[in-house]
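Here's the structure we're looking at; comments come further down.
Residue numbering restarts at 1 for every chain, and letters A, B, ... go by the order of the sequence lines. Keep in mind the model is a prediction, meaning the values are calculated, not measured.
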Amino acid sequence: MSKILILDGNSLANRAFYALPMLTTKEGKPTNVLHGFMTMLLRLLAEQKPDYWIVAFDKTKATVRIEQFAAYKGNRKETPDALRPQFDYLKEVLAAFAVPIIECAGYEADDLIATVTTKAEERDWNVQIYTGDRDALQLISPKTTVYLTRKGISEVDEYNEEALYAKYQLRPAQIIDLKGLMGDASDNIPGIPGVGEKTALKLLGEYETVENVLAHSDEIKGKKLQENIRTYADQARLSKKLATMLHEVPLEMDLEKFSYRRPDEAEFATVLDKYTLKNVARIWHQNHAENLDDSKEASTENADNQDNPETASSENTNTNTLLDGWPAKELNSEEWIQQLDNWRAAKQPVTLSYKITPGNPHWSRVLEWGIAVQKNTYSLLWAEADPAVKRSFASFLEDSEVSKTVGDGKALYSVLQNEEMTLRGVSLDLSLAAYLINPTRTKFDAVELVREYVPGYPDFSSLTEEVSALAQVADRYKETLEELGLTALLHQVEEPLSFVLARMERTGIGVDAEQLKSFGEGLTTELQRLEQEIYLLAGESFNLNSPHQLGHVLFETLGLPPVKKTKTGYSTDAETLEELKMSHPIVENVLDYRQLSKLMSTYVNGLLAQIKEGKIHTTFQQTVTATGRLSSTEPNLQNIPIRLEQGRLLRKVFQAPHKDWVLLSADYSQIELRILAHYSKDEVLSESFALGQDVHTRTASEVFGVPMEEVTKDMRRKAKAVNFGLVYGLTEFGLSRDVGIPRKEAKYYIEKYFDRYSGVKRYLAEVVIQAKEEGEVRTLLNRLRRIPELRHPNRNQRQFGERIAMNTPIQGTAADIMKLAMLGVVQALEPFQADVLLQVHDELVVQVAPEELDQVAKIVKEEMENAFPLSVPLTVECKTGRNWYEMEPFFTDK
DNA sequence: TTTTTCACG
DNA sequence: ACGTACGTGAAAAAT
């Protein structure tokens, strides 16, 4: 059976353009699309060895569809200047490479692709379509597979009928129904208002087609939804039609012209040179180096290309990225015990996976273990396992001599604590590895971890398949970590910290439920009073919690002047309301109501729901933030009120979980500005810290040109705002808004600041330049964050990238230092009656037996201050009290 | 699910 | 002319 590859030229070129950095020839011609497209093309050639191939392009004339619907693609953006000429360059390169292209005035690439697919299927060929456009999924059939690009173009997801069904529960023909219902903003296909992907899939799951959904609109639940479906029925039918690819483009095409031909070397070399596509040339030559010297290729190939005609591609040096199937062995109880003993004796490295009861791992139980050892896998059903096997397995897990690769060590350790077991010897935590490699990724489940290195959707039908896949990608993670210089950070900081965090979570923090309830009762009374007052002043009652309804009352009924708009209507946030305070007495009441209702819903009710046996156990997320900070969820204990007194009172309910122990809080003073001083080596800023001055007062003194004794409160307030802004990537707008001063004045302060702190100015400029060159920034511990925004065609995005470049090394280094400090503190406190309970970015909360407070405070302070020496001193302030509200300064003597 | 708002460092 | 300070998580409404 012959194989044809169909590439969507426009879609892939667009993807390549936005995915890759701006590359140019020495004359300045943009070439990033050429690089991206040709690299992909050569890879497909080597891996797929097509018999036929074709690249389809749109022709820029009016298309047939515009006649159907005037707005179609109406809001599509103008092609960027750097992209437009590359289409012609690309066609030139393709011609030199003997790759056939098709285009047809009045039709889109989509329609050409559909037409070629139909003809190829008639000949019983195998069809592979490569595009970034999900519309193409409608072409899937037993003979046709669609490959969608994923983040950039270097990786694709394979969709056949099964994969499509697994992901969307749709048949290929239903893709157009999906578009008909949900529309497509990028093509200005309207669909039905209020129907997004979720709703559309639900409807199609029940009614199969657009027509059938419309016919049964009276059965559909949801008043608004039903109404919209009726109102926009015609629009849905039209949208479906627009999404349908045309299979009958009136174009003579002889499929034989699409056959693969080896290019003329000289012609190809000339054009590669013309556009300085060195990398493409290198790949070409590498793939076509004589196969004499590649002796390392010995993979268990299961591809079905026996009847491949002679193609130009020889065996390439790529390693096979497909997963090997490792056998799953069955063991009885005796064999398990024996096997576990053997592995321990041989110190055999293993990969572990597990299935647990659903929900928060804090309370979950283990259902099954999956273990991979030396290309074999084993499954252990935990509930029905023999007690002797369980004991043996527990010893195996806690044997630190046995190296373990795991998907998520913290969650595993958490669950194990429910089983009275522990975990030692974790030598690779794949989630943490993946996080360090890309701290902005969001998914860390096994499928996603494997997918990083295995194209397509790995589909694990058993735990043993999952664990074998994890084991097989582990080495790839190690290589990448090495390449990026992240190995030490992983093994010396993140992995050990994960166990510290798991223990903190398990210890929990004490919360007095009764006190919290009575606090809530007080709030309820006050909230009811405010609510009545507001309705009286408004002359009507409404849902005060609805920004929409509140906006209506304030700006329509009462006629207050609108200040700011959101994309859906009037803005009613605190900043807006502050400005309106003078206009109407209702505004102040609304502000008070907002503040109290926040306390009531998020804190009183939210926390009450989380109390278990007098304690709250948060989850610290270690793979969430882009900068390396931790985050805290279910509940978030890193945003307990403190700034306003009414909220701060809430802290009274937090106490040491251990009876009669007290809380100790230790927080870094100005850690981010100290890091800025360290990085910038600025003389004034460094001196300020070396002398132990109040840094905001010193800044005010410099900016306003007065001695420190003459700095007023207002000057200090403004200088403090400048210092805050610096860390975020100072802007005039931000400073003026925060301090409530005109832009002009903000600009003046910034200029003055940079006059006096020229080292800071130089550093911030340099960090941006370097970030632009390298596309990434690093922290002091080498933590990495890539900043693709710096190369984004949109200027706002680029400026956002610049602020990230200024902020991340600072915020991230602060996070690094705190993590090191936590490891030091926990280790140093081992002999004491004390536990670390919480981390709030620059603060640690510890519980301690009162008689050991002196010693413990001293240790915590010293460990934190000396966690990582900077060119300026780090200082830590300790406070102590019976709860998190009544904290009094605590001085340790040296 | 998305939007708005607001709590923290 | 536009849309801006950096990093988070949760609740409620509207869809």
Side-chain angles (χ1 to χ4, degrees), chain A residues 182 192-202 222-225 227-228 439-440 543-551 564 566-577 591 594-595 597-607 609-610 618-619 621 624-644 647-648 650-651 667-668 670-672 721-722 724-739 743 746 750 785 794-800 802-812 814-815 818 838-843:
Chain A
M182 69 181 277
I192 293 175
V195 176
E197 184 171 300
K198 296 281 164 184
T199 311
L201 288 174
K202 213 175 87 198
K223 191 163 149 272
K224 188 81 187 167
L225 177 61
E227 188 188 315
N228 277 341
T440 57
N543 186 348
L544 242 180
N545 294 317
S546 159
H548 179 246
Q549 294 184 35
L550 176 63
K564 209 169 49 169
T566 66
K567 63 177 118 176
T568 53
Y570 302 113
S571 175
T572 65
D573 62 15
E575 193 192 334
T576 307
L577 296 182
L591 279 165
R594 277 266 175 85
Q595 198 205 322
S597 89
K598 176 82 178 182
L599 293 178
M600 190 67 200
S601 61
T602 305
Y603 297 101
V604 176
N605 294 333
L607 292 176
Q610 300 277 354
T618 186
T619 302
Q621 305 292 342
V624 166
T625 73
T627 55
R629 274 188 175 183
L630 301 177
S631 83
S632 157
T633 58
E634 282 185 290
N636 182 351
L637 293 185
Q638 290 181 320
N639 70 345
I640 302 303
I642 189 166
R643 292 171 188 172
L644 299 173
R648 188 176 194 148
L650 259 168
R651 294 187 166 221
D667 71 285
Y668 280 114
Q670 306 294 348
I671 187 169
E672 293 190 341
V722 171
F724 263 99
L726 279 170
V727 174
Y728 300 150
L730 202 55
T731 67
E732 287 166 27
F733 176 87
L735 183 62
S736 72
R737 188 168 58 60
D738 244 40
V739 192
R743 288 273 289 258
I750 293 173
R785 178 177 182 181
N794 177 308
R795 198 183 63 141
N796 286 327
Q797 284 292 306
R798 283 199 304 277
Q799 289 177 339
F800 177 50
E802 291 173 9
R803 294 196 294 271
I804 292 172
M806 294 188 261
N807 172 263
T808 297
I810 298 174
Q811 191 183 119
M818 179 53 112
L838 300 177
Q839 187 252 46
V840 192
H841 310 305
D842 62 359
E843 173 189 12

* **Toward the 5' end of DNA chain C, by each residue's nearest nucleotide, F733(A) or T808(A)** => F733(A)
Indicate, with a heavy-atom threshold strictly under 4.0 Å, whether [X] touches base, sugar-phosphate, or nothing.
X: S571(A); result: sugar-phosphate
X: I642(A); result: sugar-phosphate
X: A815(A); result: nothing
X: D842(A); result: sugar-phosphate
X: A574(A); result: sugar-phosphate
X: T572(A); result: sugar-phosphate
X: A746(A); result: nothing
X: R648(A); result: nothing

I need the [atom1]-[atom2] distance between [X] and [N], as an integer number of Å.
X: F800(A); N: dT4(C); atom1: CZ; atom2: P; answer: 10 Å
X: L637(A); N: dT8(C); atom1: CG; atom2: C1'; answer: 14 Å
X: M806(A); N: dG7(C); atom1: CE; atom2: C1'; answer: 15 Å
X: Q799(A); N: dC6(C); atom1: CD; atom2: C1'; answer: 15 Å
X: N807(A); N: dT4(C); atom1: CG; atom2: C1'; answer: 14 Å
X: Q811(A); N: dA5(C); atom1: CD; atom2: P; answer: 15 Å
X: Q839(A); N: dT8(C); atom1: CD; atom2: C1'; answer: 12 Å

* Are more than 12 heavy atoms from other residues, nucleotides or ligands located less than 6.0 Å from atom OH of Y570(A)? -> yes
How close do [X] and [Y] get, counting heavy atoms only, and between which atoms?
X: N639(A); Y: Y603(A); result: O-OH, 2.6 Å
X: T633(A); Y: T618(A); result: O-OG1, 3.1 Å
X: L637(A); Y: V840(A); result: O-CG2, 4.2 Å

* Structure fact -> Those residues at least two apart in sequence (or on a different chain) that pass salt bridge (charged side-chain N to carboxylate O under 4.0 Å, His left out) with R743(A) are E732(A)
* Applying salt bridge (charged side-chain N to carboxylate O under 4.0 Å, His left out), name anything that partners R785(A), two or more places apart in sequence or on another chain. => none
* Asked: Given the rule in the side chain to side chain contact (heavy atoms under 4.5 Å, CB included) test, do R594(A) and T572(A) qualify, once you have shown the distances and angles that lead to the verdict?
  -> CA-CA 11 Å; R594(A) 277 266 175 85; T572(A) 65; 2.9 Å; yes
* To do: Taking atom P in both dT4(C) and dT4(B), compute the distance separating them and give it to the nearest angstrom.
  => 12 Å
* Write down the distance separating the P atoms in dG3(C) and dA7(B), rounded off to the nearest Å. => 26 Å
* From L644(A) atom CG to K598(A) atom NZ, the distance as rounded to the nearest 0.5 Å -> 12.5 Å
* To do: Compare side-chain N and O positions of R803(A) against OP1 and OP2 of dC6(C) and report whether any pair is under 4.0 Å apart.
  => yes
* Base-contact (B) and sugar-phosphate-only (S) positions in nucleotides 10-15 of chain C, heavy-atom cut-off under 4.0 Å, - elsewhere -> SSSSSS
* Asked: With no hydrogens and no angle check, do the side chains of R803(A) and T731(A) hold a donor and an acceptor under 3.5 Å apart?
  -> no
* Determine whether the side chains of E634(A) and T619(A) contain a donor N or O and an acceptor N or O closer than 3.5 Å. => no
* For the side chain of T808(A) and the backbone of A805(A), is there at least one donor-acceptor N/O pair under 3.5 Å apart? -> no
* Test side chain to side chain contact (heavy atoms under 4.5 Å, CB included) applied to T576(A) - qualifying residues, sequence neighbours left out -> V563(A), K564(A), S571(A), D573(A), L580(A)
* Treating a pair as Watson-Crick (purine N1 to pyrimidine N3 plus N6-O4 or O6-N4) or G-U wobble (N1-O2 and O6-N3) with both distances under 3.5 Å, list the stems of 3 or more consecutive pairs that involve DNA chain C. => B:1-9 with C:6-14
* Measure distances between side-chain N and O atoms of R798(A) and base N and O atoms of dT4(C), and say whether any donor-acceptor pair falls under 3.5 Å. => no
* Can you tell which of dC2(C), dC6(C), dA5(C) lies closest to the side chain of T731(A)? -> dA5(C)
* **Contact interval (first through last nucleotide) of DNA chain B with protein chain A, 4.0 Å heavy-atom** => dT1(B) to dG9(B)
